[in-house]
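Report on the structure given below.
Just so it is clear: chains get the letters A, B, ... in the order the sequence lines come, proteins before strands, and each one is counted from 1.
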Amino acid sequence: MALSITTWNINSVRLRLPIVVQFLEQFRPDILCLQEIKCQNEEFPADAFRELGYDNIIVHGQKGYHGVATVSKLPLSEDHRQDYCGMGDARHISAIFEWAGRRIRLHNFYVPAGGDEPDPAANPKFAHKLSFVDEMKALRADAEPGVSAILVGDLNIAPFENDVWSHKQMLKIVSHTPVETEGLLEVVSRGGWLDLMRETVDPSQKLYTWWSYRAKDWAAADRGRRLDHIWSSPDLGPHLDRIEVLKEARGWDRPSDHVPVTARFSA
DNA sequence: ATGGCTCGCGGAGCGAGA
């Protein structure tokens, strides 16, 4: 019995509904986790997802910015929205689904980008990002007895050297500064998470999920970053078949700057 | 050679993304 879960920062779900539909029709993941939906709950285009068989929808949106949503062919229960940093931002939603006799809590995150200046004293957005990551360190993969866990989302940090196009040139660029990358690796180690993308793609290999809108030719420049992640509790590791990064989606009509990342499991 | 583009909001141009 297979299970597939996709994470995708969509950068406005209403504007990009055509490519979301294209993706779901072509790849049919069991569950799709979206970030940066940029709409309020009542504006989420739920009908379009229901028509495709995704009847189980949970949304944590807000006006204009941020926002996350999880749409699923499998029933979702015990949904929860955690307000990290007490900012009132819509950056997290989770729920439990059942697969192969297991109960699995699926977390969907949108971590703050952090602005330009990597100095928390000078840049409140960077301070917010660091506080957010600090709070995530308390999130354990075994938080609920008898419940496995999967954590996906746009974490806005590329932790390893080959998660960016140039480690040296990125060390002072927000998303790859040591305080961020060390912080994220501490979230992984303290929480007891498995980085499923790096379980299947060796750290010696470049791996990106995001390419800037500003490059003249994103594919030729190939200056990407691995900002999107899929983690799990250790018990699910042996069930991972593969990870698919759909790079071609960056070249679709009016694309997001992030591409869908899918984890495929078998029982 | 990173910031050059792309969003929402609102009805011009700005804040935000990363």
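- Contact check, A:Ser12 against B:dG8: a side-chain N or O comes under 4.0 Å of OP1 or OP2.
- In terms of polar N and O atoms assigned as donor or acceptor, the side chain of A:Arg214 comes within less than 3.5 Å of the base of B:dG17 in a complementary pairing.
- For the P atoms, the distance linking B:dG17 with B:dA12 amounts to 25 Å, nearest Å.
- Residue A:Lys125 places at least one side-chain N or O under 4.0 Å from the OP1 or OP2 atom of B:dA16.
- A:Arg254 has its CZ atom 12 Å from the C1' atom of B:dC5, to the nearest Å.
- Using modelled atom types, one finds no donor on one side chain facing an acceptor on the other under 3.5 Å when comparing A:Thr209 with A:Arg226.
- Contact annotation: A:Asn156 side-chain N/O to B:dA18 OP1/OP2 distance is under 4.0 Å.
- Candidate nucleotides B:dT2, B:dA18, B:dG8 were compared by shortest atom distance to the side chain of A:Ser175, and B:dA18 ranks first.
- For A:Trp211 and B:dT6, the CH2 to P distance is 17 Å, given to the nearest whole Å.
- A donor-acceptor contact under 3.5 angstrom links the side-chain atoms of A:Asp116 to the base of B:dA18.
- The gap from the P atom of B:dC14 to that of B:dG10 amounts to 16 Å, rounded to the nearest Å.
- Contact annotation for A:Tyr110: backbone-only contact, meaning every heavy-atom pair under 4.0 Å involves sugar-phosphate atoms and none involves a base.
- Between A:His176 and A:His167, the ring-plane angle classifies as perpendicular under the 30° and 60° cut-offs.
- Here A:Trp165 lies in heavy-atom contact (under 4.0 Å) with a base.
- B:dC5 atom P lies 14 Å from atom CG of A:Asp217, rounded to whole Å.
- Summary of the strand contacts: A:Asp257 and A:Ser212 both lie near DNA chain B, and taking for each the nucleotide with the nearest heavy atom, the more 5' one is attributed to A:Ser212.
- Residue A:Leu227 is in sugar-phosphate contact alone, with no base atom involved, counting any heavy-atom pair closer than 4.0 Å across all strands shown.
- Rounded to whole angstrom, the span from the NZ atom of A:Lys38 across to the C1' atom of B:dC9 amounts to 11 Å.
- A 3.5 Å limit on both hydrogen-bonding distances identifies B:dC5 as the Watson-Crick or G-U partner of B:dG17.
- Annotation: B:dG8 and B:dT2 have their P atoms spaced 28 Å apart (nearest Å).
- Put simply, the side chain of A:Thr177 never gets that close to the backbone of A:Ile173: no donor and acceptor are under 3.5 Å apart.
- A:Arg16 has no side-chain polar atom (N or O) that falls below the 4.0 Å cut-off from OP1 or OP2 of B:dT6.
- In this structure, CD of A:Glu180 is placed 12 Å from P of B:dA18, rounded to the nearest angstrom.
- Contact annotation for A:His258: backbone-only contact, meaning every heavy-atom pair under 4.0 Å involves sugar-phosphate atoms and none involves a base.
- As judged by a 4.0 angstrom heavy-atom cut-off over every strand, A:Asn9 is placed among residues touching the sugar-phosphate backbone only.
- Atom pair A:Lys129:NZ and B:dA18:C1' shows a separation of 7 Å (rounding to whole Å applied).
- Figure legend. B:dG11 is base-paired to no nucleotide; pairs are counted as Watson-Crick or G-U wobble with both atom distances under 3.5 Å.
- For A:Lys172 and A:Glu117, the salt-bridge test fails: no basic side-chain N is under 4.0 Å from an acidic carboxylate O.
- A donor-acceptor pair under 3.5 Å links the side-chain atoms of A:Lys129 to the main chain of A:Asn156, judged by distance alone.
- Look at CH2 on A:Trp252: it is 18 Å from P on B:dT6, rounded to the nearest Å.
- Comparing B:dG17, B:dG8, B:dG3 by their nearest atom to the side chain of A:His66 picks out B:dG17.
- You'll find the ring centres of A:Phe23 and A:Trp8 inside the 6.0 Å limit.
- For A:Gly115 and A:Glu43, each mapped to the nucleotide of DNA chain B holding its nearest heavy atom, the one lying further toward the 5' end belongs to A:Glu43.
- Counting non-hydrogen atoms under 4.0 angstrom, A:Arg225 reaches a base of the nucleic acid.
- The distance from atom CZ of A:Phe132 to atom C1' of B:dA18 is 16 Å, rounded to the nearest whole Å.
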**Request:** Output, in order, the C-alpha distance, side-chain angles, deciding distance and verdict of side-chain contact (heavy atoms from CB on, under 4.5 Å) for A:Ile150 and A:Ile5.
**Result:** CA-CA 9 Å; A:Ile150 295 174; A:Ile5 298 177; 3.6 Å; yes
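- Between the P atoms of B:dA18 and B:dC7, the separation comes to 13 Å (whole Å).
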